[in-house]
Every structure is written in structure tokens, then in C-alpha cells.
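When reading the values below, keep in mind they use all heavy atoms of this one structure, side chains included, and skip hydrogens, waters and symmetry mates.
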Amino acid sequence: MVPEPYWGAAGGRDRIQMRMAEERYEYLAAVASASRRTLSYPVADAASQRPAYPSRWFLEQASALAGSPVRSGDLAGLSGHDWFTVDASPQQALANADAIALADEADFRRKRLLEWRRDGRAIPDHPYARRGPMASAYRLASQRSLRRLTEYDGNLSGIKEIDSFGIRPDGAPISPTALETWAACPYRYFLGHVLRLGALDAPEEIFSISALDRGTLGHEILERFIRESRQGGHLPAPGQPWGPGDHDQLMRIAAQSFQEAEAHGVTGKRLLWDMAKTEILSDLETFLEADSLLREAIETADVRVETRFGFGGDSTEVIDPDSGIRFRGMIDRMDISSDGKAVLVVDYKTGSADPYKGLDDDPIDQGRRLQLGVYSLAARASFPDATDVSAAYWFSTNRGGFRFAPAAHFNITDESVAKRFREGVASIVDGINGGIFPANPGPPARYGPSNCQYCDFDAVCPTRRADLWERKKSDSVLAGYLQLAEPDREGD
């Protein structure tokens with residue numbers, strides 16, 4: 001008998017349960033490893049100031065000690081128990097360290113430094129601050145307190161290894177999203193594209209499909225639908241709408257894609273997944289109507305999907321005309337008019353259109369939206385006879401209103417638009433090659449700094465990152481970056 005594949009229909013759910021069981025086992029093993037244990041949790045996220053909550057195992061142990069069920073809201077009432085302590089800050093935790101065992105040698109050293117300072121002596125005079133990790137940490141804090149950008153907060157212009165991560169015409173092709181990352185936050189680019197770090201896979205239970213997985217799923221359904229229609233000769237003629245048979249085909253592809261997502265364990269709880277599927281199907285129904293209008297407006301005769309460029313082989317080579325650097329990427333869709341003179345590049349989006357509002361004022365949104373320009377270069381290389389090449393993000397969901405951003409479309413054949421694109425690319429390449437990688441948290445938003453809300457490296461940034469950025473931005477070495485990323489502040 002052949003066993004069911006691990007990634008089968010139930011495989012995804014089994015994988016999640018197995019991972020949760022392993023995590024539970026590791027927790028119990030750690031608790032059983034000593035005669036005295038201390039469980040702790042942070043009451044808030046230091047960067048965003050959003051409240052944090054204890055794990056179910058923390059509450060499980062608190063309930064056992066209290067002799068009755070304890071929920072998150074009940075913890076404040078436990079302060080009278082000798083087994084429960086609330087520390088208002090890390091410094092207070094070290095001050096109270098006599099009551100508990102220090103966690104490691106680093107805690108021991110920090111406590112000794114705290115006692116040294118309490119006695120009125122300067123921290124730099126302590127032996128711990130003169131050598132080893134403490135000396136490095138003290139130098140880092142001292143350099144970050146300065147108003148100039150140092151090697152400890154993003155200025156790597158003086159290191160000899162700078163050529164190893166620079167962008168050169170003879171180097172490997174680079175994606176436009178990588179350059180967009182530097183424009184938003186150069187430090188994020190440094191961690192992800194120079195040090196090649198990535199987010200850890202958190203082993204918590206999945207309750208609902210993530211926005212990223214949902215967006216990928218929507219892309220795959222539309223790509224398969226257009227590709228099969230084109231290959232099967234069912235793509236409607238210019239000006240003609242999709243028909244009932246096309247609707248049935250789209251629903252069949254969606255059902256297959258839903259099953260594949262379930263098998264990979266990314267869909268979460270059944271009830272929430274059923275709700276998500278209903279929304280996706282509603283979006284697909286509307287897509288057929290909106291897409292018919294789009295193809296009619298530009299007299300689409302052919303549609304290309306998932307067009308690769310810059311990957312070698314038979315893929316198109318795309319080179320920036322000014323810097324000479326090469327790009328790589330994949331275009332969601334290109335609509336070609338019946339006379340071959342007009343090409344519309346479309347990049348599907350399933351989230352909110354609000355973050356893209358800046359495109360109506362700046363065709364590259366301060367360097368954070370370069371995809372349309374790069375994709376337009378690729379389209380011109382693929383269709384050299386085209387005289388009108390435009391591009392837009394299409395928010396192809398009911399939530400996004402099936403709107404385009406920018407509303408007037410990005411047009412690389414407009415010289416002013418092309419010039420702005422080239423200037424933006426040049427500024428970013430110069431900054432990367434110059435070794436400038438400050439952490440820019442962006443303006444404040446609902447859940448903390450805007451650039452930090454969905455960043456894989458949020459936990460490794462200083463908690464006072466906004467204050468540090470305001471202090472450092474007056475350094476002249478950041479003039480080029482500020483001219484691109486914060487032009488309204490130039491000269492402040």
C-alpha cells in the first residue's frame with residue numbers, strides 16, 4: 001500500500017499539527033531541565049508601542065500557580081503573589097536580579113555595569129567597557145549618539161569590501177524591487193541583499209491565509225487562465241468580451257488552485273478559508289467584466305503572461321540606458337494592440353491602492369516604484385516597433401476597485417517620465433555603490449513607523465530608530481538620498 005504523500009490533501013494540516021507538537025515538546029523539555037524556572041514575556045513592542053500578550057503556556061503555568069484560570073487581562077492582579085513580578089523596564093529587571101538567577105554571562109556583566117554607574121563612576125572606566133562584547137556595544141551606542149552617519153549606523157563608504165556588493169554594468173542583473181527597497185530603507189536593502197539575511201519561519205499555527213499567499217494565489221489563477229485561453233485559441237478577438245465558457249474555465253482553474261493551496265497548508269482554519277474563497281471567487285467574477293472593458297479600450301489582440309527578462313537563455317536582456325546596469329524580472333501581463341503599435345504592461349495587485357497614491361505626483365514615487373519603468377524597458381525590447389508603451393499597477397479585486405495606479409498610466413515614451421526614471425535609478429545605484437545604508441523608519445503610521453510594519457528585520461533595528469534617523473539626516477553624506485526619498489524636506 002502506497003502511503004498518502006506528505007503534501008497530500010491532509011498533509012498540510014498534519015504538518016502544522018506536527019510542528020506545534022514539536023514546539024510543545026521543546027517547551028516542556030526546557031521547563032523540566034532545571035529545578036527553578038523563570039517564564040517571562042514583554043508587555044509591549046518597544047518600536048511600535050503595541051501591547052504584547054503572553055503565550056498560552058505562560059498562562060497555563062500562571063493558572064497552575066494561582067489555582068484558578070488566568071487570562072491575559074487577569075495578569076495585572078497577580079502582582080501580590082511572590083511568584084509573579086512585573087518589571088517596568090530592562091533596567092529595573094537587572095536591578096531586581098538579586099531575586100532571581102541571572103540568565104547568562106551577558107546579564108551578569110550588565111548588572112555589574114549598572115552597579116558601577118550607581119556608585120557614581122563612569123561606564124567607560126569599567127574593565128568590561130574596555131574590551132570584549134561590552135566594549136563593542138558601548139562604542140556602538142556612542143557612535144549612534146553622534147549627529148554624523150558612522151559605520152555603526154549605515155555609512156560603509158570607508159570599508160575596502162565596498163566593491164563586493166556594488167552594482168556594476170558587468171555585474172549580475174538586479175531586480176527593480178531590490179532598488180525600491182534601498183529607496184525606502186537602505187538598511188533593509190543592506191540586510192537583505194548584501195548580507196542576504198531573511199526572516200525566520202515562525203512555527204505558530206496559521207489561522208487564515210496570509211496577504212502574501214493570497215496575492216500569489218490570485219496571480220497564479222489569472223496567469224493560468226490567460227495562458228490556457230491563449231494556447232487553446234480561446235482568447236477573444238479585439239473588442240469582444242469573455243463568454244460563459246471562459247467563466248467556467250476560470251472557475252475550474254480557481255478550484256484546482258484552491259486545492260493546491262490547501263495541500264500546502266497555507267490556507268488556515270476552514271471557516272476563515274471558506275470566507276476567503278468566497279471573496280476571491282467574487283473578485284474573479286468581476287475580473288472577467290473589468291478585463292473585457294480593458295481589452296476593448298486598447299483593442300487587445302494578444303496577451304502575454306509571466307514574461308521573463310534578464311535571466312539569460314532566450315529571455316530578453318534589459319539594460320538601463322544611462323547607468324548600463326542590467327535588470328531581471330517577470331512581467332505579469334502585456335496587452336498588445338491589433339496593430340502592434342501599443343503595449344500596455346500590467347502588474348496585478350491584490351492589496352490596497354493607498355500606498356501607491358504617490359505615483360500620481362511622481363512617476364517613480366521617490367524611487368519606491370521602479371517596476372513599471374523597468375517593465376516598460378523590457379516591453380520596448382520585446383516589441384521594438386511599438387510607439388506607445390505604457391504600464392500600470394492594476395488592483396484587480398473588488399476591494400481595490402479594479403483601479404489603476406497611476407491613473408494616467410506610466411508611459412516610458414514620455415521623455416519627462418523616462419528622465420525621472422533614469423534619475424531615480426542613478427541616485428539609488430550611486431547610493432549603493434557609495435556604501436550608504438542608513439535605517440529610515442519612514443513617517444509614523446498606525447502601528448509604528450511606516451517602513452517597519454512589514455519589515456523582516458524590524459526586531460534587529462534600534463527601538464529609538466525614529467529619533468536616530470532625525471538626528472542623522474542632517475549629515476551631508478545623506479544629501480543624495482534625501483533628495484530622492486524626502487525631497488520636500490530638502491533645505492530644512
Side-chain angles (χ1 to χ4, degrees), residues 173-177 179 219 222-223 225-227 229-231 233 235-240 290-349 356 359-360 362-365 369-394 396 402-425:
I174 191 168
S175 70
T177 53
L179 301 186
H219 278 62
L222 295 181
E223 183 267 326
F225 171 67
I226 298 293
R227 186 184 300 279
S229 297
R230 184 173 184 269
Q231 292 177 344
L235 197 67
Q240 297 300 311
D291 190 69
S292 295
L293 295 176
L294 171 65
R295 290 183 300 99
E296 180 181 8
I298 62 175
E299 296 186 353
T300 299
D302 192 10
V303 180
R304 306 286 178 87
V305 293
E306 298 296 308
T307 302
R308 293 161 54 93
F309 60 89
F311 288 95
D314 59 353
S315 65
T316 302
E317 185 175 54
V318 177
I319 302 176
D320 177 60
D322 284 0
S323 65
I325 67 170
R326 296 178 294 163
F327 291 107
R328 60 175 171 81
M330 185 177 295
I331 302 173
D332 287 344
R333 169 175 171 169
M334 288 190 292
D335 284 49
I336 302 92
S337 64
S338 55
D339 61 5
K341 298 298 183 180
V343 177
L344 173 63
V345 176
V346 172
D347 190 71
Y348 295 123
K349 297 295 180 185
Y356 295 78
L359 286 171
D360 291 329
D362 179 3
I364 62 171
D365 193 12
R369 310 291 177 205
L370 299 176
Q371 280 181 294
L372 300 184
V374 173
Y375 292 170
S376 295
L377 291 178
R380 293 186 74 175
S382 298
F383 300 95
D385 294 333
T387 56
D388 182 14
V389 177
S390 59
Y393 298 104
W394 192 16
S396 51
F402 286 86
R403 290 175 292 174
F404 288 93
H409 294 188
F410 178 101
N411 197 317
I412 198 69
T413 54
D414 183 328
E415 181 52 35
S416 63
V417 172
K419 180 181 178 182
R420 176 59 178 155
F421 169 76
R422 294 194 300 268
E423 290 175 346
V425 171

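- Residues D302 and L235 form a side-chain contact, since some pair of their non-hydrogen atoms from C-beta on lies under 4.5 Å apart.
- A 4.5 Å side-chain heavy-atom check between I174 and L179 finds at least one atom pair inside the cut-off.
- Nearest heavy-atom pair across P321 and L377 is CD-CD1, 4.4 Å.
- Qualifying side chain to side chain contact (heavy atoms under 4.5 Å, CB included) partners for A301, counting only residues two or more places apart in sequence or in other chains: P238, S338.
- Checked against side-chain hydrogen bond (donor to acceptor under 3.5 Å, both in side chains), T413 has the following partners two or more places apart in sequence or in another chain: N411.
- Residues forming a ring-ring contact (aromatic ring centres under 6.0 Å, His included) with Y356 (at least two apart in sequence, or on another chain): Y393, F395.
- Applying the salt bridge (Lys or Arg N to Asp or Glu O under 4.0 Å) test to D339 and every residue at least two apart in sequence or in another chain returns nothing.
- Ring pair F404/W394 is parallel by interplanar angle, where below 30° counts as parallel and above 60° as perpendicular.
- Although no hydrogens or angles enter the test, the distance criterion places a donor-acceptor pair under 3.5 Å between the side chain of R295 and the main chain of Q240.
- E306 pairs by the side chain to side chain contact (heavy atoms under 4.5 Å, CB included) definition with E223, R227, M330, D332, not counting sequence neighbours.
- In this view, S292 satisfies the side-chain hydrogen bond (donor to acceptor under 3.5 Å, both in side chains) rule with no residue, not counting sequence neighbours.
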*May I have the step-by-step check of side chain to side chain contact (heavy atoms under 4.5 Å, CB included) for F421 and D320, ending in yes or no?*
CA-CA 10 Å; F421 169 76; D320 177 60; 4.1 Å; yes

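- D414 pairs by the salt bridge (Lys or Arg N to Asp or Glu O under 4.0 Å) definition with nothing, not counting sequence neighbours.
- Counting all heavy atoms, side chain and backbone alike, F309 lies closest to S315 at CA-CB, 4.0 Å.
- Between V425 and F327, some side-chain heavy-atom pair lies under the 4.5 Å cut-off.
- Taking the salt bridge (Lys or Arg N to Asp or Glu O under 4.0 Å) definition, one finds that D335 meets it with R333, sequence neighbours left out.
- Looking at every heavy atom in both residues, I319 comes nearest to G324 through CG2-O, 3.5 Å.
- Taking the side chain to side chain contact (heavy atoms under 4.5 Å, CB included) definition, one finds that A297 meets it with nothing, sequence neighbours left out.
- Distance check, rounded to the nearest 0.5 Å: CG of L222 to CG of D291 gives 8.5 Å.
- Nearest approach of I364 to G424, heavy atoms of both residues: CD1-CA, 3.7 Å.
- For R326, the salt bridge (Lys or Arg N to Asp or Glu O under 4.0 Å) partners are E317, not counting sequence neighbours.
- Going from atom OG of S382 over to atom CZ of R304 covers 8.0 Å, rounded to the nearest 0.5 Å.
- Using a 4.5 Å heavy-atom threshold, the side chains of F410 and V417 count as touching.
- Contact between V374 and V318 at its shortest, heavy atoms only, is O-CG1, 4.2 Å.
- A donor-acceptor contact shorter than 3.5 Å is absent between the side chain of D347 and the backbone of L372.
- When the ring-ring contact (aromatic ring centres under 6.0 Å, His included) test is applied to F225, the partners found at least two apart in sequence or on another chain are W242.
- Closest heavy-atom contact between D360 and A407: OD1-N, 3.2 Å.
- Between the OH atom in Y375 and the CG atom in L370 there is a gap of 11.0 Å [rounded to 0.5 Å].
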*Should K341 and D388 be marked as a side chain to side chain contact (heavy atoms under 4.5 Å, CB included) after you check the CA-CA gap, both sets of side-chain angles, and the distance that decides it?*
CA-CA 6 Å; K341 298 298 183 180; D388 182 14; over 6 Å; no

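- By the side-chain hydrogen bond (donor to acceptor under 3.5 Å, both in side chains) test, R420 is found to be paired with D362, residues two or more places apart in sequence or in another chain being considered.
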